[in-house]
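Structure record follows, encoded as structure tokens.
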Amino acid sequence: MKRTLLVLSLALAGLMPLAHADVSNGHALPPGIAWQQGDVPAAFAKARSENKPVFLYWGAVWCPPCNQVKSTIFNRPDFIAAAKQFVPVYLDGDSDNAQQLGERFKVRGYPTMILFRPDGTEITRLPGEVDPQRYLRTLQLGLTTVKPVKSLLADALAGKPLAADDWQLLADYAWDVDQGQIIPESDVTAALVKLARQAPAEQAATATRLQLKALAALAGDKQPPEFDKAEARARLLNVLADDTLSRANADIVIYAAADLLKLLGDAPLRAAFHGQLQRLSNDESLAWSDRLGAESAVLDLYKAEHPKQPLPAGLVADIKSKVAAADKASANPYQRQAVITAAGELLADAGLLAESDKLLQGELKTSHAPYYHMLILASNAKARGDKAAALDWYQKAYKAAEGQATRLQWGASYVGNAVELAPQDAARIETAAQEVFADAAKSDSAFYERSRRSLERVASRLKTWNQDGKHAEAISRLAGQLNGVCEKLPAADAQKPVCDGLVKSLKS
């Protein structure tokens with residue numbers, strides 16, 4: 001999860017402290033903005049009547065980076081002022097018909113933030129992982145641009161001249177949540193490589209960002225095209241040697257470090273990454289979740305270079321110190337949901353499972369989404385080899401989960417782990433799957449987008465469980481239950497063929 005955001009106190013904004021904000025409601029957001037909550041058609045109608053763009057925020061109450069955005073961008077006075085220029089609508093992934101709308105707008109990952117014209121034309125997707133200054137600049141460019149990013153990309157790839165602001169919009173576009181909206185997903189890497197080559201040299205900062213995004217895309221590609229690795233390595237070394245450039249692109253430096261080293265790694269590059277990541281982990285201008293992300297990257301770098309070796313005492317001490325400081329500094333519930341998640345995972349990755357457990361368990365009574373922390377507790381138990389405890393936490397997480405899509409997602413996790421950790425416990429597995437299918441029956445968009453993928457995972461794991469045919473009777477009962485859900489769907493409902501396909505998959 002990417003988070004590169006600068007914390008600004010609400011006290012400076014003259015607003016109520018977030019520590020007292022009500023986040024018990026799944027749709028809760030920081031005060032100051034009149035969000036249209038869930039009613040996307042009403043938001044577009046309002047936008048047309050007022051001739052304003054629409055700002056769509058797609059998120060979830062439990063999502064750590066969403067909570068980071070709430071605590072560092074949506075509460076800022078400059079963002080609140082900018083909101084007067086558009087109609088803001090919050091589409092929670094668990095609200096009615098949310099997953100259907102998610103499929104319509106091609107939004108999958110939380111958070112996704114999109115700017116639309118009043119007529120529904122998409123202008124740009126905003127990057128949630130960057131610091132607020134970059135975010136606000138990108139938002140303003142989107143509000144004033146003549147052409148949507150899709151058209152700008154077509155012009156750039158065709159070799160047409162672009163204005164400096166147009167290149168900036170392309171450089172700061174949220175490529176990681178595009179979902180094939182402006183270009184097929186299979187073409188993104190090649191497009192970024194071409195943009196990086198064509199970016200005007202006089203726009204050094206913009207060109208550098210495009211070059212880094214192109215390198216990150218190449219590093220994440222299973223079969224990257226041929227490119228000049230020596231040139232790319234030299235360019236990356238120049239960025240890592242420059243603290244200002246690295247800080248400006250901290251989201252890429254921190255979260256693409258492992259992939260970039262796999263692609264280009266040599267001793268000088270590893271040393272440069274190690275030094276810069278350490279500096280970023282100590283950079284007080286970064287949000288704590290990103291400082292912990294940098295610390296996690298340092299840890300990953302050491303583990304990759306020294307497999308099976310114990311961690312140095314100094315690194316362990318630094319991790320503990322950073323976690324303690326992050327815990328102490330994170331006061332409001334939005335911020336804590338992001339920070340404590342990152343801290344718990346960092347401790348676990350360092351092998352400090354008891355410390356991770358203690359930190360996470362301490363949050364369960366106060367977190368507005370404790371079921372997210374329970375998944376990490378389950379993973380910790382699994383890492384210790386305690387299958388019973390792991391399954392107990394997966395079950396508790398599912399039982400505690402709230403919201404249509406969230407319950408299906410957490411239920412799929414429980415079923416999958418029950419099949420993996422206790423395939424002999426037929427009663428547990430069948431009961432868990434029954435509960436998930438019962439949740440599907442209660443949802444109005446169970447067979448769209450994220451919810452559909454959750455149910456597909458359940459069906460796939462059940463098929464794996466029954467691959468030798470020993471659980472055919474249980475599978476038959478489950479297929480019958482799911483078929484009952486399908487039969488209640490109208491014939492014209494786009495969900496019906498999806499549901500019927502899942503039943504057929506179970507029976508095959």
Side-chain angles (χ1 to χ4, degrees), residues 60 62 93-94 98-100 103 369-372 374-379 381-382 386-489 493-508:
W62 50 263
D94 285 309
Q99 296 302 318
Q100 181 179 4
E103 199 157 291
Y371 45 89
Y372 195 94
M374 291 175 186
L375 289 184
I376 307 175
L377 288 164
S379 179
K382 186 191 288 190
D386 190 342
K387 295 181 180 181
L391 280 175
D392 185 49
W393 278 118
Y394 283 121
Q395 183 179 33
K396 286 180 178 178
Y398 174 40
K399 295 293 186 184
E402 299 175 341
Q404 298 179 22
T406 295
R407 284 196 56 78
L408 291 176
Q409 186 174 342
W410 262 245
S413 176
Y414 177 38
V415 171
N417 280 283
V419 169
E420 176 188 347
L421 300 175
Q424 75 287 351
D425 194 344
R428 177 196 287 270
I429 292 169
E430 183 175 358
T431 298
Q434 286 174 342
E435 292 175 350
V436 173
F437 291 160
D439 281 334
K442 299 172 187 174
S443 172
D444 55 14
S445 54
F447 303 95
Y448 286 112
E449 194 36 64
R450 181 179 290 256
S451 294
R452 181 196 70 244
R453 287 182 280 118
S454 294
L455 290 169
E456 288 171 347
R457 287 196 299 275
V458 171
S460 175
R461 295 313 297 266
L462 290 173
K463 286 186 65 176
T464 299
W465 180 55
N466 189 46
Q467 59 187 349
D468 56 5
K470 291 182 179 179
H471 306 291
E473 291 184 5
I475 294 297
S476 178
R477 289 190 292 270
L478 290 168
Q481 179 189 359
L482 186 58
N483 187 59
V485 177
C486 302
E487 288 178 345
K488 293 180 180 180
L489 294 170
D493 193 326
Q495 296 183 95
K496 184 165 176 53
V498 178
C499 187
D500 289 339
L502 286 173
V503 173
K504 183 178 180 180
S505 170
L506 276 175
K507 290 180 175 179
S508 63

| message | Arg407: which residues meet the salt bridge (Lys or Arg N to Asp or Glu O under 4.0 Å) condition with it, sequence neighbours left out? | response | Asp439
| Which value, rounded to the nearest 0.5 Å, describes the distance between Gln495 atom CD and Asp444 atom CG? | 7.5 Å
| field | Residue pair Ile429 / Trp465: nearest heavy atoms and the distance that separates them | value | CD1-NE1, 3.4 Å
| Distance-only, no hydrogens or angles: does the Tyr371 side chain make a donor-acceptor pair with backbone N or O of Thr406 under 3.5 Å? | no
| said: Nearest 0.5 angstrom please: Gln481 CD to Cys486 SG, how far? | reply: 11.0 Å
| Can you tell me how far the CG atom of Leu377 sits from the OH atom of Tyr372, to the nearest 0.5 Å? | 12.5 Å
| said: Which heavy atom of Ala494 sits nearest to which heavy atom of Tyr448, and what is that distance? | reply: CB-OH, 3.6 Å
If you look only at distance, which donor and acceptor atoms sit under 3.5 Å apart when one is on a side chain in residues 497-508 and the other is two or more places apart or in another chain?
from: Ser508; atom 1: OG; to: Lys463; atom 2: NZ; distance (Å): 3.4
from: Ser508; atom 1: OG; to: Ser505; atom 2: O; distance (Å): 2.8

| Smallest separation among heavy atoms of Ala441 and Val485, with atom names | CB-CG2, 3.8 Å
| said: Using side-chain heavy atoms (C-beta onward) and a distance below 4.5 Å, is Leu489 in contact with Phe447? | reply: yes
| request: Return yes if a side-chain donor-acceptor contact under 3.5 Å exists between Arg461 and Thr464, otherwise no. | output: no
| field | Note, Val415 side chain near Tyr398 side chain (heavy atom, < 4.5 Å) | value | no
| field | From Gln100 atom CD to Asp493 atom CG, the distance as rounded to the nearest 0.5 Å | value | 7.5 Å
| field | Parallel, tilted or perpendicular: rings of Trp62 and Trp410 (30°, 60°) | value | perpendicular
| task | For residues Leu391 and Ala422, report the shortest heavy-atom separation together with the two atoms involved. | result | CD1-CB, 3.6 Å
| task | Of all the heavy-atom pairs spanning Ala390 and Leu421, show the shortest one and how long it is. | result | CB-CD1, 3.9 Å
| said: Keeping Asn466 on the side-chain end and Ala472 on the backbone end, is there a donor-acceptor pair under 3.5 Å? | reply: yes
| So which pairs with a foot in residues 388-397 pass salt bridge (charged side-chain N to carboxylate O under 4.0 Å, His left out), sequence neighbours left out? | Asp392-Lys396
| said: Exactly one of Gln99, Gln409, Glu103 should register a side-chain hydrogen bond (donor to acceptor under 3.5 Å, both in side chains) with Arg450. Which one does? | reply: Gln409
| query | Does Ser443 have any side chain to side chain contact (heavy atoms under 4.5 Å, CB included) partners at least two apart in sequence or in another chain, and if so, which? | reply | Gln404, Ser445, Ala446
| Any donor-acceptor N/O pair, Trp393 side chain to Ser379 backbone, under 3.5 Å | no
| If you round to the nearest 0.5 Å, how far is OG of Ser413 from OH of Tyr394? | 5.5 Å
| Closest non-hydrogen atom pair, Ser454 against Ala412 | O-CB, 3.5 Å
| message | Within this structure, what is the CD1-CG distance for the pair Ile475 and Leu482, rounded to the nearest 0.5 Å? | response | 11.0 Å
| query | Which residue pairs satisfy the salt bridge (charged side-chain N to carboxylate O under 4.0 Å, His left out) criterion with at least one member in residues 416-432, sequence neighbours excluded? | reply | Lys382-Glu420, Asp425-Arg428, Glu430-Arg477
| Looking at residues at least two apart in the chain, or sitting in another chain, which of them share a salt bridge (Lys or Arg N to Asp or Glu O under 4.0 Å) with Glu487? | none
